[in-house]
Amino acid sequence: MKFIVPGYYKNFSCIASSCRHSCCIGWEIDIDADTYSYYGTIDGELGDRLKKNIAVSGGQPHFILDENERCPFLNENGLCDIIIQCGEESLCDICADHPRFRNFFSDRTEIGLGLCCEAAAELIINCDEPFKLEILDDDGFDDETDEDEKEILELRNFALEVASDSKHSFEDRVNRLCKIFDIESDDTSPAVWADRLSSLERLEPEWDNCLAFIGSRTELEGSLINEKAAGNLLCYFIYRHLSAACDREDMRSRAAFAVLSCRVIFTLSLFISTEEAARMYSCEIEYSDENLNEVLNLLCD
Ligand code: SF4
């Protein structure tokens with residue numbers, strides 16, 4: 001099994017106490033079974049805190065967030081008390097893994113960093129290197145990929161080639177992608193997109209201001225002044241979402257989603273920084289399965 005990552009992956013590190021939008025605030029954090037058993041063996045003051053601050057709902061243990069939606073182990077210095085007292089290896093799978101995502105194939109696991117993390121967004125958007133995939137690890141045991149997987153990977157790789165081809169303008173790259181996936185140009189007005197997005201589940205109240213800004217525009221922006229950053233975002237959405245497609249039709253919706261996501265972020269970049277626009281969009285849309293599916297459904301006609 002090969003473990004594949006984008007070139008920038010190895011440069012990621014959590015900025016912990018400097019993070020303005022810590023993933024330890026506002027997210028429900030489930031604890032995997034092994035870590036839950038381990039936490040049950042910890043004695044002393046930390047053991048007591050763990051017992052008091054973990055609840056089990058529907059058989060799933062999770063941390064009980066405080067009244068400000070903070071993880072009870074996130075201290076006033078923005079650091080994790082569990083890491084401080086027991087080391088990073090004592091974190092539950094979700095905390096240790098965030099902000100990574102994975103897409104699984106028979107011969108490979110593709111890993112990436114999610115835009116919902118501000119450190120990852122900064123790294124992904126401002127990466128100077130052309131987008132490329134690398135083998136992070138290979139245990140030598142590959143299952144054979146079936147025809148469907150091969151087709152998805154080949155088409156995804158071709159889409160990545162087009163999206164990262166800096167010899168062409170960003171607009172040309174998008175037009176080529178739309179041709180490849182038979183995507184018609186979207187003449188839905190920003191006001192309609194703002195309405196649609198505002199009917200979805202939301203995480204941060206500031207998202208309302210962003211949607212109001214989108215709704216006030218006459219059209220969604222087609223690119224950024226910094227075309228390198230625009231291309232980086234397009235490659236991110238293609239790498240993450242086309243790889244998760246189940247068939248060619250699903251790839252088409254996901255390619256349309258990649259283009260729409262870029263255009264929403266570019267438009268928001270006129271209101272807030274590109275990195276913050278990407279982070280917020282990712283939190284609100286990509287990191288809610290329900291919202292993501294809703295937008296994909298809107299794009300599949
Ligand atoms: S959001 Fe990213 S940078 Fe911030 S605390 Fe979480 S992993 Fe670290």
Side-chain angles (χ1 to χ4, degrees), residues 101 103 112 114-116 121 124 148 151-152 155-156 159-160 162-163 170-171 173-224 230-231 233-272 274 276-301:
F101 65 83
N103 285 315
L115 275 180
C116 68
I124 293 165
D148 291 343
E151 192 192 354
I152 286 173
L155 196 49
R156 193 282 314 269
L160 278 176
V162 171
F170 183 81
E171 206 185 332
R173 289 181 245 170
V174 167
N175 288 339
R176 284 179 74 200
L177 282 174
C178 290
K179 248 191 210 148
I180 293 165
F181 289 100
D182 197 20
I183 300 167
E184 284 174 21
S185 72
D186 178 20
D187 51 12
T188 311
S189 71
V192 170
W193 271 117
D195 259 8
R196 288 172 173 176
L197 297 180
S198 65
S199 70
L200 305 177
E201 177 191 51
R202 82 201 51 199
L203 194 68
E204 298 178 29
E206 300 86 61
W207 185 234
D208 286 335
N209 298 332
C210 293
L211 293 177
F213 179 78
I214 291 171
S216 71
R217 307 294 298 172
T218 48
E219 58 179 17
L220 293 178
E221 292 297 304
S223 188
L224 291 169
L233 278 168
L234 187 59
C235 288
Y236 164 84
F237 284 109
I238 288 172
Y239 176 61
R240 177 168 191 160
H241 293 284
L242 266 68
S243 320
C246 53
D247 56 29
R248 179 139 189 158
E249 195 47 36
D250 192 17
M251 286 188 98
R252 182 172 161 265
S253 316
R254 288 167 184 272
F257 174 72
V259 173
L260 172 73
S261 300
C262 287
R263 297 188 71 203
V264 170
I265 293 170
F266 300 160
T267 306
L268 280 177
S269 304
L270 303 172
F271 182 55
I272 49 181
T274 310
E276 178 58 359
R279 182 201 69 77
M280 212 186 277
Y281 176 83
S282 174
C283 287
E284 298 290 337
I285 308 297
E286 270 193 311
Y287 274 76
S288 158
D289 287 343
E290 215 178 303
N291 290 355
L292 175 63
N293 287 331
E294 193 64 38
V295 178
L296 287 173
N297 282 336
L298 288 166
L299 292 166
C300 74
D301 301 331

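No experiment lies behind these values; they were computed from the predicted model shown.
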So, do [X] and [Y] sit near enough that their side-chain heavy atoms are less than 4.5 Å apart?
X	Y	result
Leu203	Met280	no
Ile265	Phe237	yes
Leu200	Val295	yes
Val174	Leu234	yes
Leu115	Tyr281	no
Ile214	Leu220	yes
Leu160	Leu242	no

Quiz item: Are Glu204 and Arg279 close enough for a salt bridge, meaning some N to O gap below 4.0 Å?
Solution: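 A salt bridge links Glu204 with Arg279.
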Quiz item: In Å, rounded to the nearest 0.5 Å, how long is the span from CG of Asn293 to OG of Ser288?
Solution: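 One finds 8.5 Å between CG of Asn293 and OG of Ser288.
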Practice problem: Look up atom SG in Cys210 and atom CG in Leu268, then write down how far apart they are to the nearest 0.5 Å. | Solution: 5.0 Å
Exercise. Determine, stepwise, if the pair Arg263 / Trp193 fulfils side chain to side chain contact (heavy atoms under 4.5 Å, CB included).
Key: CA-CA 11 Å; Arg263 297 188 71 203; Trp193 271 117; over 6 Å; no
Under 3.5 Å, is there a donor-acceptor pair between the side chain of [X] and the main chain of [Y]?
X	Y	value
Arg254	His241	yes
Ser261	Phe257	yes
Thr267	Glu221	yes
Glu171	Gly222	no
Ser198	Asp195	yes
Asp148	Asp247	no
Asn291	Glu284	yes

Exercise. Check the pair Ile285, Leu197 against side chain to side chain contact (heavy atoms under 4.5 Å, CB included), reporting the backbone distance first and the verdict last.
Key: CA-CA 9 Å; Ile285 308 297; Leu197 297 180; 4.0 Å; yes
Provide the closest heavy-atom pair for [X] versus [Y] in the form atom of the first, atom of the second, distance.
X	Y	value
Phe101	Gly114	CD2-N, 4.0 Å
Ser269	Leu224	OG-CD2, 3.6 Å
Leu155	Arg248	CD2-NH1, 3.5 Å
Ala245	Ile152	O-CD1, 3.2 Å
Ala230	Ser223	CB-OG, 3.9 Å
Ala244	Asp250	O-OD2, 4.2 Å

Practice problem: Could you please spell out the steps behind the side chain to side chain contact (heavy atoms under 4.5 Å, CB included) verdict for Leu299 and Arg252? | Solution: CA-CA 9 Å; Leu299 292 166; Arg252 182 172 161 265; over 6 Å; no
Quiz item: Passes side chain to side chain contact (heavy atoms under 4.5 Å, CB included), Leu233 versus Phe170? Steps please.
Solution: CA-CA 11 Å; Leu233 278 168; Phe170 183 81; over 6 Å; no
Practice problem: Tell me whether the guanidinium CZ or amine NZ of Arg156 lies under 6.0 angstrom from the six-membered ring centre of Tyr239 and within 45° of its axis. | Solution: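 Relative to the ring axis of Tyr239, which defines the angle, Arg156 lies outside at least one limit.
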Quiz item: Once the angle between the rings of Phe271 and Phe213 is folded into 0 to 90°, is it parallel (under 30°), tilted (30 to 60°) or perpendicular (over 60°)?
Solution: parallel
